[in-house]
Amino acid sequence: MKFFIVNSGSSSIKYQVIESASETVLATGLVERIGEAGGRLKNTAFPGTSDELDSVIEQPIPDHRSGMQLVIATLTDKTDGVICNVAEIGAIGHRVVHGGEDFSGSMRITDPVLQALERNIPLAPLHNPANLDGIRVAMEIFPHVPQVAVFDTAFHQTMPPRAYLYAIPYELYETDRVRRYGFHGTSHRFVAGECARLLGKQLPECNLITVHLGNGCSMTAIENGRSVDTSLGMTPLEGLVMGTRSGDVDPALHLFLKQNKGMELEAIDALLNKESGLKGLCGMNDMRDIHKAAAEGDVRAKLAVEVQTYRTRKYIGAFMAVLGRVDGIVFTAGIGENDPIVRAESLKGLEAFGIRLDPERNWQRSKEARCISAPDSTVRIFVIPTNEELAIAREMAQVLRN
Ligand code: ADP
């Protein structure tokens, strides 16, 4: 069966077609600038018999519906399409950012599920409406195909109240569900499963710390295979230092900026989400550029790496304390998978906790999941490439089996 996996953003649709049994990617692509001047679709097909085929279409794409139709026309194109007709699509999976407290796992999309997604819009006002647009369009175009929602928050629904409650008046939790939810759950769950395999154990036997360092960054403490704490909060702003997001700050900063800088709340929110993190510290948010600048003597670039890796180390320490016994630490996502400097700095000085990197393994380049700890490290350290689309496909297969 072929799965069509959709990640619908406010002005974009990312997608993949995966053959579910063999987990082979048949096509991957991105529709950009929906509703803006100069829409664009880039599709890469993997027909199996020959090299990959890229195609680009540039034309106005007024809305998600026309974007989705363009994707389908491309996938079924006679020359480089990977499916003969839409009837080959057996199920559609949608990445949904916020499931609130309504979803602790992936769900087949029904009317009550759509209503719950609507209800959760206040928790993710930018993301959930865009996800819903993608779902509605897909349901119109494929009315008879099962649709599955896979939530970024679901894996973290096992956190206990002591980890998810903020110490603010409890009524805010009761009335408005103000609490920590956590994100990147699909990625944390996926790499945890892969790590268990490398450890030769079942996931429910494993205590792990999973460190997702991409543009967005988060860390999860996993006890007996379940998320028990995570660094992102009610929104994806809390915790680690990210590309453009601040991570932890003193919550009183808002009042300070309002009183002393005359900033409105919306401007402060934009400052913390879009102008902070690595970019705020050194003007750059791509880690490759930052290392290059640091090597050329840019003091603030060096400082940005120090601030980010120090925060990561601090959270690793905190999650060691949460878990007690840790079988493995896993690095994943763009920086986690590719950046030996950040990995080494994030683990620096933790030898007393039984955490020892093997420098040579850490510096070896590879796209494969691998162990990078020294033989005498009591906590094993891994680099495991995340694959959210494959994780979604596995979730879909599970939901459709039930
Ligand atoms: P997203 O959160 O958007 O999915 P990614 O997981 O793709 O992000 O990660 C993007 C980050 O990964 C960027 O900061 C980029 O600089 C970093 N990155 C990608 N490749 C490398 C590399 N070879 N070395 C260091 N950082 C890298």
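This chain uses plain numbering: 1 for the first residue, then up along the sequence. Each ligand, and each atom within it, is numbered from 1 in the order the structure gives. Keep in mind that the numbers below use all heavy atoms, side chains included, and drop hydrogens, waters and symmetry copies.
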Numbered atoms of ligand 1 (with element) below 4.0 Å of Gly216, judged on heavy atoms: 2 (O)
Residue Arg370 excluded, over 12 heavy atoms near CZ under 6.0 Å: yes
Whether His212 and His184 hold their rings parallel, tilted or perpendicular, with breakpoints at 30° and 60°: parallel
Minimum heavy-atom distance between Ala304 and Cys282, given as atom pair plus value: CB-SG, 3.8 Å
Ring-face cation contact, Tyr173 with Arg177, 6.0 Å cut, 45° max: yes
Proximal candidate to atom 8 (O) of ligand 1 [heavy atom criterion; set Asn215, Thr386, Leu278]: Asn215
Proximal atoms of ligand 1 relative to Ala333 (non-hydrogen, under 4.0 Å): 6 (O)
For ligand 1, the portion of Asn285 having any non-hydrogen atom under 4.0 Å away: backbone
Non-hydrogen atom of Gly243 closer than 4.0 Å to ligand 1: no
Taking atom 26 (N) of ligand 1 as the reference point, the nearest protein heavy atom with its distance: Met287 CB, 3.7 Å
Options Asn338, Leu213, Asp289, Thr332, ranked by nearest heavy atom to atom 23 (N) of ligand 1, top entry: Asn338
Nearest protein heavy atom with distance in Å, relative to atom 5 (P) of ligand 1: Gly334 N, 3.7 Å
SB check Arg136 Glu140 (cutoff 4.0 Å): no
For atom 11 (C) of ligand 1, closest protein heavy-atom neighbour: Ile335 CG1, 3.8 Å
Check: Met234 and Arg180 side chains under 4.5 Å, non-hydrogen atoms: no
Distance from atom 19 (C) of ligand 1 to nearest protein heavy atom, with residue and atom: Arg288 CZ, 3.6 Å
Centroid-centroid under 6.0 Å between Phe183 and His156 rings: no
Note: Asp298-Arg300 ion pair, threshold 4.0 Å (strictly below): no
For atom 16 (O) of ligand 1, closest protein heavy-atom neighbour: Asp286 OD1, 2.5 Å
